[in-house]
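Take a look at the structure set out below.
Nothing here was measured: the structure is a model prediction, and the numbers come from that model.
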Amino acid sequence: MNPVVQVKDLETTFFLKSGPFRAVNKISYEINQGETLGIVGESGCGKSVTSFSLMRLIEKPGKVTGGEFTLNGKSILGLDERQMEDVRGGKMAMIFQEPMTALNPVLTIGYQMDEQIKKHLKLSPKDSRDRAIEMLQLVGIPSAAERYESYPHQLSGGMRQRAMIAMALSCNPEFLIADEPTTALDVTIQAQILELFQSIQEKMKMSVQFITHDLGVISEVSDRTLVMYGGQMCETGNTQDILNSPRHPYTAALIQSRPKMGQRVNRLKTIEGVVPAPHEFPKGCPFANRCGRVQPECWTTKPRLTTVTGYDKRAVACFNPL
């Protein structure tokens, strides 16, 4: 099977006063049709910057400084802005973390959906309106024709997120990026959105990149998982293999910090220390200053992503893996 999404050695650099900082450092992965890749890690590890890089939404002082990204064999990073506008929202789309800031507050939901549908599907105003209402119904919004005329502030948080999903799916994208789409929702609405998301993906056979810091969500939605820290890949492989037998100390620490059903504890386990500032990362492994298995070479040499024998497409970047 030829992958729909191919990312190779992606690099994104921010040119700060303290010096250049590579927020995404040599990231490579593939996503097949109908497959979901989960990208997980703490805040500041490079998950969202990776996705914004693929969507060509990185602004100064940031810049994509290397690598390749192809969508069904077509190079995306080499397109000019006008060509990219034909791809963005059409062949690839993104669900943003906070719909209240992603949606324009002075335009109706319908107007914002129509704008995208007319551009990419070339429909008439009537057909565009019908398509938008159809998509709002598909994501479970009641009285869709009325909500089509509503402004974002007139919808609840869950409804706004559903409207964002409807907007992202309205032009039948081949590749969908979901950037922590359930973070701002309560757990009941979160479960509904995840169930909805999976059912629609199954119908549309989309390739999905799902970003989250929640390993519980990752276990529900993703086929494969990529763990990031300090802009680099720590570990990648089948989701259940990673959750059941993590090889990288950072992955293991993330899993151990989760609360467990049926266990009462006075204090949850935490990962010692904090994510360093951009200019404070070690020269070697970015996790070296927080790792309990650190070796002398971890401070000076970046570990390469090495295949783990006995697993399908499993790899870990660590000199002293578990």
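- Both Val5 and Ile58 belong to a common hydrophobic cluster when Ile, Leu, Val, Met, Phe, Trp and Tyr are linked at side-chain heavy-atom distances under 4.5 angstrom.
- Judged by the 6.0 Å distance and 45° axis criteria, Arg129 is positioned over the aromatic ring of Tyr148.
- Between atom CE of residue Met164 and atom CD of residue Gln112 there is a gap of 9.5 Å, rounded to the nearest 0.5 Å.
- Tested against Thr36, the residues Thr239, Asp223, Leu176 include a single side-chain contact (heavy atoms from CB on, under 4.5 Å) partner, Asp223.
- Between Phe52 and Thr12 the shortest side-chain heavy-atom distance does not fall below 4.5 Å.
- Counting heavy atoms from C-beta outward, Met92 and Phe69 have side chains that approach closer than 4.5 Å.
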Practice item. May I have the step-by-step check of side chain to side chain contact (heavy atoms under 4.5 Å, CB included) for Cys285 and Lys302, ending in yes or no? Key: CA-CA 5 Å; Cys285 175; Lys302 292 187 184 300; over 6 Å; no
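- Taking a 6.0 Å sphere around CD of Glu280, one finds it holds more than 12 heavy atoms contributed by other residues, nucleotides or ligands.
- Aromatic pair Phe21/Phe14: ring centres not closer than 6.0 Å.
- Judged by distance alone, the side chain of Thr270 and the main-chain N or O of Glu272 form no donor-acceptor pair under 3.5 Å.
- Panel note: side chain Arg304, backbone Ala317; no donor-acceptor pair is recorded below 3.5 Å.
- Using cut-offs of 30° and 60° for the angle between ring planes, the His153 and Tyr151 rings count as parallel.
- Of the residues Arg314, Lys313, Arg247, the one that meets the salt bridge (Lys or Arg N to Asp or Glu O under 4.0 Å) test with Glu235 is Arg314.
- Salt-bridge annotation for Arg82 and Asp86: absent, with no side-chain N of the basic residue lying under 4.0 Å from a carboxylate O of the acidic one.
- Linking Ile, Leu, Val, Met, Phe, Trp and Tyr whenever their side-chain heavy atoms come within less than 4.5 Å puts Ile165 and Leu136 in one cluster.
- Using modelled atom types and a 3.5 Å distance limit, the side chains of Asp114 and Ser128 yield a donor-acceptor pair.
- Both Val208 and Leu57 belong to a single network of hydrophobic side chains, linked directly or stepwise wherever heavy atoms of I, L, V, M, F, W or Y lie under 4.5 Å apart.
- A donor-acceptor pair under 3.5 Å links the side-chain atoms of Ser156 to the main chain of Met159, judged by distance alone.
- Panel note: side chain Gln161, backbone Pro181; a donor-acceptor pair is recorded below 3.5 Å.
- For Arg290 and Glu42, the salt-bridge test passes: some basic side-chain N is under 4.0 Å from an acidic carboxylate O.
- We find the CE-CZ distance between Met55 and Phe96 to be 6.0 Å, quoted to the nearest 0.5 Å.
- For the residue pair Ser75/Thr70, the side-chain donor-acceptor check at 3.5 Å is not satisfied.
- Applying the 6.0 Å contact sphere to CD of Glu195 captures no more than 12 heavy atoms from other residues, nucleotides or ligands.
- Looking only at distances, no side-chain donor or acceptor of Thr225 sits under 3.5 Å from a matching main-chain atom of Gly237.
- Met233 is not connected to Tyr311 by any chain of hydrophobic side-chain contacts under 4.5 Å among Ile, Leu, Val, Met, Phe, Trp and Tyr, and they are in different clusters.
- Taking the six-membered ring where tryptophan is involved, the planes of His248 and Phe287 are tilted, since the angle between them lies from 30° to 60°.
- Interatomic distance, CG of Leu254 versus CD1 of Ile271, reported as 4.5 Å (0.5 Å rounding).
- The minimum heavy-atom distance between Tyr229 and Cys45, with the atom names listed, is CA-CB, 3.8 Å.
- Tracing side-chain contacts under 4.5 Å through hydrophobic residues (I, L, V, M, F, W, Y), one never reaches Val275 starting from Val294; they form parts of separate clusters.
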**Study point:** CA sep, side-chain torsions, deciding dist, call: Ile200, Leu138, side chain to side chain contact (heavy atoms under 4.5 Å, CB included)
**Key:** CA-CA 8 Å; Ile200 292 175; Leu138 180 66; 4.3 Å; yes
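- Counting heavy-atom neighbours within 6.0 Å of Lys91 NZ, excluding the residue itself, gives a total of 12 or less.
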**Study point:** Stepwise side chain to side chain contact (heavy atoms under 4.5 Å, CB included) check, Leu169 with Met204
**Key:** CA-CA 9 Å; Leu169 300 179; Met204 300 180 73; 4.3 Å; yes
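- In terms of modelled atom types and a separation under 3.5 Å, the side chain of Lys118 and the main chain of Ser124 share no donor-acceptor contact.
- Screening His120, Glu81, Gln83 against Arg88 for a side-chain hydrogen bond (donor to acceptor under 3.5 Å, both in side chains) leaves a single residue, Glu81.
- The two atoms that bring Leu305 and Cys234 nearest to each other are CD1-O, 4.1 Å, heavy atoms only.
- Between Glu30 and Lys8 there is no salt bridge, since none of the side-chain N atoms of the basic residue sits less than 4.0 Å from a carboxylate O of the acidic one.
- Shown here for Gln201 and Met206, the closest heavy-atom pair between the two residues is NE2-O, 3.3 Å.
- Side chains of Tyr29 and Gln209: a donor-acceptor N/O pair is present below 3.5 angstrom, by distance only.
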Point to revise | Derivation and outcome, side chain to side chain contact (heavy atoms under 4.5 Å, CB included), residues Val221 and Leu194 | key: CA-CA 7 Å; Val221 302; Leu194 289 177; 3.8 Å; yes
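- Atom CG of residue Leu54 and atom CG of residue Leu77 lie 7.0 Å apart, to the nearest 0.5 angstrom.
- Closest non-hydrogen pair, Leu103 versus Met167, comes out as CD2-CE, 3.6 Å.
- Judged by distance alone, with hydrogens and angles left aside, the side-chain atoms of Arg224 form no donor-acceptor pair with the main-chain N or O of Leu37 at under 3.5 Å.
- Met135 contributes atom CE, which lies 13.0 Å from atom CZ of Arg162 (distance to the nearest 0.5 angstrom).
- Here the side chain of Asn244 pairs a donor or acceptor atom with the backbone of Gln240 at under 3.5 angstrom.
- Within 6.0 Å of the NZ atom in Lys63, the count of heavy atoms belonging to other residues, nucleotides or ligands does not exceed 12.
- The shortest distance between side-chain heavy atoms of Phe210 and Ser222 does not fall below 4.5 Å.
- Ionic pairing of Lys205 and Glu174 is not present here: no N-O contact between side-chain nitrogen and carboxylate oxygen is shorter than 4.0 angstrom.
- Glu115 places no side-chain N or O within 3.5 Å of a backbone atom of Gly110 that could act as its donor or acceptor partner.
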Exercise for review: Output, in order, the C-alpha distance, side-chain angles, deciding distance and verdict of salt bridge (charged side-chain N to carboxylate O under 4.0 Å, His left out) for Asp130 and Lys126.
Suggested key: CA-CA 6 Å; Asp130 291 343; Lys126 181 184 181 303; 3.0 Å; yes
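- A pairwise comparison of heavy atoms in Gly158 and Ile193 identifies O-CD1, 4.2 Å as the closest pair.
- A distance of 4.0 Å separates CG of Leu121 from SG of Cys171, quoted to the nearest 0.5 Å.
- For OH of Tyr111, the number of neighbouring non-hydrogen atoms (other residues, nucleotides, ligands) closer than 6.0 Å is 12 at most.
- A heavy-atom distance below 4.5 Å is not found between the side chains of Val217 and Glu220.
- Side chain of Ser143 to backbone of Glu146: no donor-acceptor contact under 3.5 angstrom is found.
- Nearest heavy-atom pair, Ser219 versus Leu243, reported as atom, atom and distance to 0.1 Å: CB-CD1, 3.4 Å.
- No side-chain donor-acceptor contact under 3.5 Å links Glu35 and Ser207.
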